[in-house]
Amino acid sequence: MAEPKTNELMEKIVSLCKRRGFVFQSSEIYGGINGFWDYGPLGAELKRNVKDYWWRAMTQQRDDVVGLEATIIMHPKIWEASGHTRTFSDPMVDCLLTKKRFRADQIEPQSGTAYHYAGAKDETTGKASDEAYSVLVPPGKPPESARKVANQFYQQRGIATPTLLGERSEQVKESTRYNPENGSLVTEPRPFNLMFKTYVGPVESEDGVAYLRPETAQAIFVQFKNVLAVARQKVPFGICQIGKAFRNEINPRNFTFRSREFEQMELEFFIKPDEVAKNTPANPENPQANWGWSEWHKYWVEERVKWYESIGLDRNTLEFYHQPANELAHYAKATVDILFKFPFGTQELEGIAARGDFDLKQHQEYSGKSMEYLDEETKAKYVPHVIEPSAGVDRLILALICHAYHEEQVTDEKGAVETRVVMKFHPRVAPFKVGVFPLLKNKPELVKKAMEVRDLLRPHMTAFYDEAGAIGRRYRRQDEAGTPFGVTIDFDTLGEKPELLDTVTLRDRDTMQQVRVKIDELVPLLLSKIR
RNA sequence: GCGAGCGUAGCUCAGCCUGGUAGAGCAUCACGUUGCCAACGUGAGUGUCGAGGGUUCGAAUCCCUUCGCUCGCUCCA
């Protein structure tokens, strides 16, 4: 089937999301608020299904993972221990000429001669700028190179043929105020705090400063001892959590992909340090308590890929990025990103990191509380290491929507070709599982029977009843909502052909094929398809 | 944050240049019709033209500010 081009495709998807009620812009009637999105009726069902299914797969169906639900606002010292207070508030500077942005502390100190200018004037037009500007040139280079850069600067400000005013020079040593690439002055360092700040208590004072969590993981680490004490688990075991996190992104982009308020699904899986584990490679299907971090890391990557497959994102729709050593965070031993090919580019859905014992050690140090675990089997005492599969819920929802979106050319019986838009969600995550339709709405017997069928299905699955308009139109509406099955009550259901009494047609969203099914068999049949 | 473009009905968009207080298609709702894939008929509704301010007798249209969206740069623990 022909798919539209990328930008066009993304626009169609955004449009459908609004039209059908998957995603709305937050606070839209007030003009919207950048980086925040709401889920409409269909989106809310979809997201709930995805989270429920993750929760079921990660903890309810495993012996070795337990759940946690922690608060969004936590003790501010947590973010000092985790490093977020430091790394999330780097002062940044921009090059005044190229606008390129640097971390202020990462600019290589420069020495040389700085040429300062008070402004510039265009002798022919009379246009002038009194904006001060400076250029640093390396020792021994003539002032002409500084003037060239300064000319560019003033030309950008609308002075076509600038005459530089008030030039004076100065020797500078080890300055970080200039762009090392072109010598241009940079802006004053400006703080960028990526954490949302708030105040605990009614009085806004610095004592009460707190942050909305920028990730859910830390909550798990700080509750590690409590969970350990009650969960009757032995290392290796995991703690998982689903919850909101907040980042004051400089520039939210790509629909819901990078939002300022978003939801994460995270597992922290605690394992033995390699010195304690015997590090016995074994059958990957059969996890071993004594696996080292490398085996566990591979195991969780595979587990997660299987999970994505189970909701319809086949392996070949994903890409895998093994972060090279120079990109790894200093505490990480390995990170594998699971990526999805979005229309706007291939982007990360989940990162699976082997984080060593960094996080627990940090909290041990900052809180003064021991994070050690007594391994009864080996009698060893250690701070467990951790494997962290961390997924973004909202970007996964977006991936599912993009993946589900299909346009198909359909030829009707009159030979006219039209486009069918169909959202091919996996039945497990589809917002509605089944649509129930009376063939005609002006026949009370059909309507009555259809309502009975709806009521029969409703305790088991989300069922959408629709009687408005022609039957084909109702099918197409459900195609756009991604409802995988349609049940139609017709005259045969009522016994027009006696052998078909109490049977209905069951339509498959993707193939549009219909089969006749006994009403009695509907619930078990559909349940087998949506679980 | 910087640069460029854009913002008109639920959606897609015309109108803007050259000011005279808004339109199309689709969608929605009601009634009728409809015997399985966006049929048809009749009728109905909707816009503070993104917001605020200015110019003008008069602003969707011109100017300024602001918010939002898209793209590029930047950022991305």
Side-chain angles (χ1 to χ4, degrees), chain A residues 6-8 10-12 14-21 24-36 40 79 82-90 92-103 156 187 190 192-195 213-215 217-218 245 247-255 257-258 329-332 344-345 347-348 351 353 390 392 408 410-414 416 418-422 437-443 446 467-480 486-494 496 504-507 509 511-514 516:
Chain A
T6 50
N7 290 344
E8 204 183 319
M10 203 55 217
E11 278 170 32
K12 285 182 176 188
V14 173
S15 169
L16 179 128
C17 280
K18 174 153 195 214
R19 183 157 40 90
R20 285 295 158 191
F24 303 129
Q25 192 178 16
S26 169
S27 318
E28 197 189 73
I29 62 167
Y30 287 98
I33 176 166
N34 196 0
F36 297 89
W79 309 115
S82 69
H84 285 86
T85 308
R86 189 169 37 77
T87 60
F88 265 44
S89 56
D90 298 319
M92 307 291 287
V93 296
D94 297 328
C95 172
L96 284 169
L97 190 66
T98 63
K99 309 297 181 201
K100 188 167 174 177
R101 175 163 292 161
F102 300 89
R103 264 172 65 174
Q156 280 182 1
T187 59
R190 287 175 290 192
F192 274 69
N193 196 335
L194 263 38
M195 283 198 291
R213 63 184 178 198
E215 62 170 37
Q218 296 306 322
R247 286 180 204 179
N248 223 337
E249 295 287 352
I250 295 166
N251 198 353
R253 276 288 161 88
N254 289 330
F255 199 30
F257 183 82
R258 182 172 298 149
H330 62 279
Y331 48 78
F344 47 80
Q347 299 275 356
E348 180 184 345
S390 168
E408 294 177 356
V410 181
T411 311
D412 67 17
E413 63 230 6
K414 298 176 200 92
E418 59 192 17
T419 303
R420 178 174 89 117
V421 173
V422 51
F437 320 107
L439 183 60
L440 300 171
K441 80 165 165 182
N442 62 353
K443 296 286 188 292
L446 288 176
E467 59 180 34
I471 187 70
R473 182 192 195 78
R474 283 177 268 160
Y475 288 150
R476 295 297 170 83
R477 275 197 203 117
Q478 292 310 307
D479 286 345
E480 277 201 343
V487 167
T488 303
I489 286 73
D490 60 14
F491 293 95
D492 290 333
T493 311
L494 302 176
E496 199 166 272
V504 293
T505 63
L506 180 64
R507 172 189 185 261
R509 173 195 66 201
T511 63
M512 298 195 284
Q513 299 299 308
Q514 291 180 306
R516 241 185 139 96

Sugar-phosphate, base or nothing in reach of Lys443(A), heavy atoms under 4.0 Å: nothing
Nearest-Å distance for atom pair CG/P, residues Asp490(A) and U34(B): 17 Å
Residue mapping more 5' on RNA chain B - nearest nucleotide basis, Gly472(A) or Gly35(A): Gly472(A)
Among Arg476(A), Arg420(A), Arg509(A), the one residue meeting salt bridge (Lys or Arg N to Asp or Glu O under 4.0 Å) with Glu408(A): Arg420(A)
Same-atom distance (P) from G45(B) to C37(B), integer angstrom: 34 Å
Which nucleotide in G68(B), U34(B), C71(B) has an atom nearest any side-chain atom of Ala470(A): U34(B)
Residue matched to A51(B) through Watson-Crick or wobble contacts both under 3.5 angstrom: U65(B)
Flag side-chain contact, heavy atom, 4.5 Å: Val422(A) against Tyr475(A): no
Nearest-neighbour nucleotide for the Ile471(A) side chain, U12(B), G35(B), C36(B) considered: C36(B)
Heavy-atom side-chain contact between Trp79(A) and Arg213(A) under 4.5 Å: yes
Atom pair distance, as rounded to whole Å: CG in Leu440(A) and C1' in G35(B): 6 Å
Nearest-Å distance once atom P is located in both G41(B) and A22(B): 29 Å
Of the listed nucleotides A38(B), C31(B), G35(B), the one nearest the side chain of Lys441(A): C31(B)
Rounded distance in Å - CD1 (Ile489(A)) to C1' (C36(B)): 12 Å
Which residue lies more 5' along RNA chain B, comparing Met512(A) with Gly469(A) via nearest heavy atoms: Gly469(A)
Rounded C1' spacing from A24(B) to C67(B) in Å: 29 Å
Nucleotide opposite C2(B) in a Watson-Crick or G-U pair, distances under 3.5 Å: G72(B)
Touch class at under 4.0 angstrom, heavy-atom based, for Gln478(A) against every strand present: nothing
Spacing of Arg516(A) atom CZ relative to C36(B) atom C1', expressed in whole Å: 10 Å
Candidates C69(B), A38(B), C37(B) - which lies nearest the side chain of Gln25(A): C69(B)
A9(B) and G50(B), which share atom name C1', separated by this distance in whole Å: 14 Å
Asn34(A) side chain near C67(B) phosphate (N/O to OP1/OP2, under 4.0 Å): no
Distance between C1' atoms of G3(B) and A44(B) (Å, rounded): 47 Å
Nearest-Å distance for atom pair CZ/P, residues Arg476(A) and A27(B): 12 Å
Touch class at under 4.0 angstrom, heavy-atom based, for Ser15(A) against every strand present: sugar-phosphate
Minimum-distance nucleotide to Arg258(A) side chain [options: C75(B), C36(B), C11(B)]: C75(B)
Within-4.5 Å side-chain heavy-atom neighbours: Arg507(A) and Asp479(A): yes
Interatomic distance, Tyr475(A) OH vs C36(B) C1' [rounded to whole Å]: 5 Å
Base paired to C13(B) (Watson-Crick or G-U; both N/O distances under 3.5 angstrom): G23(B)
Distance below 4.0 Å between Asn248(A) side-chain N/O and C75(B) OP1 or OP2: no
Which nucleotide in C69(B), U34(B), A27(B) has an atom nearest any side-chain atom of Arg473(A): A27(B)
Nearest-nucleotide pick for Arg477(A), side chain only, options being C36(B), U28(B), U34(B): U28(B)
Centroid-centroid distance, Phe344(A) to Phe257(A), less than 6.0 Å: yes
4.5 Å side-chain heavy-atom contact, Lys12(A) and Val421(A): no
C1' atoms of C31(B) and G15(B), separation to the nearest Å: 35 Å
G19(B) to C75(B) separation - C1' atoms, rounded to the nearest Å: 43 Å
Beyond-backbone contact of Arg19(A) with Glu480(A), side-chain heavy atoms, under 4.5 angstrom: yes
Atom pair distance, as rounded to whole Å: CZ in Phe255(A) and P in C71(B): 12 Å
Side-chain heavy atoms of Gln25(A) within contact of Lys18(A), under 4.5 Å: no
C1'-based separation of G7(B) from G47(B) [nearest Å]: 14 Å
Sugar-phosphate only, base, or nothing, as touched by Glu496(A) at under 4.0 Å among non-hydrogen atoms: base
Paired nucleotide for C29(B) [Watson-Crick or G-U wobble; both distances under 3.5 Å]: G43(B)
Given C37(B), G35(B), U34(B), the nucleotide with the shortest approach to the side chain of Asn442(A): U34(B)
Pairing nucleotide - A59(B), Watson-Crick or G-U, each distance under 3.5 Å: none
Spacing of Arg19(A) atom CZ relative to C26(B) atom C1', expressed in whole Å: 9 Å
Sugar-phosphate, base or nothing in reach of Phe257(A), heavy atoms under 4.0 Å: nothing
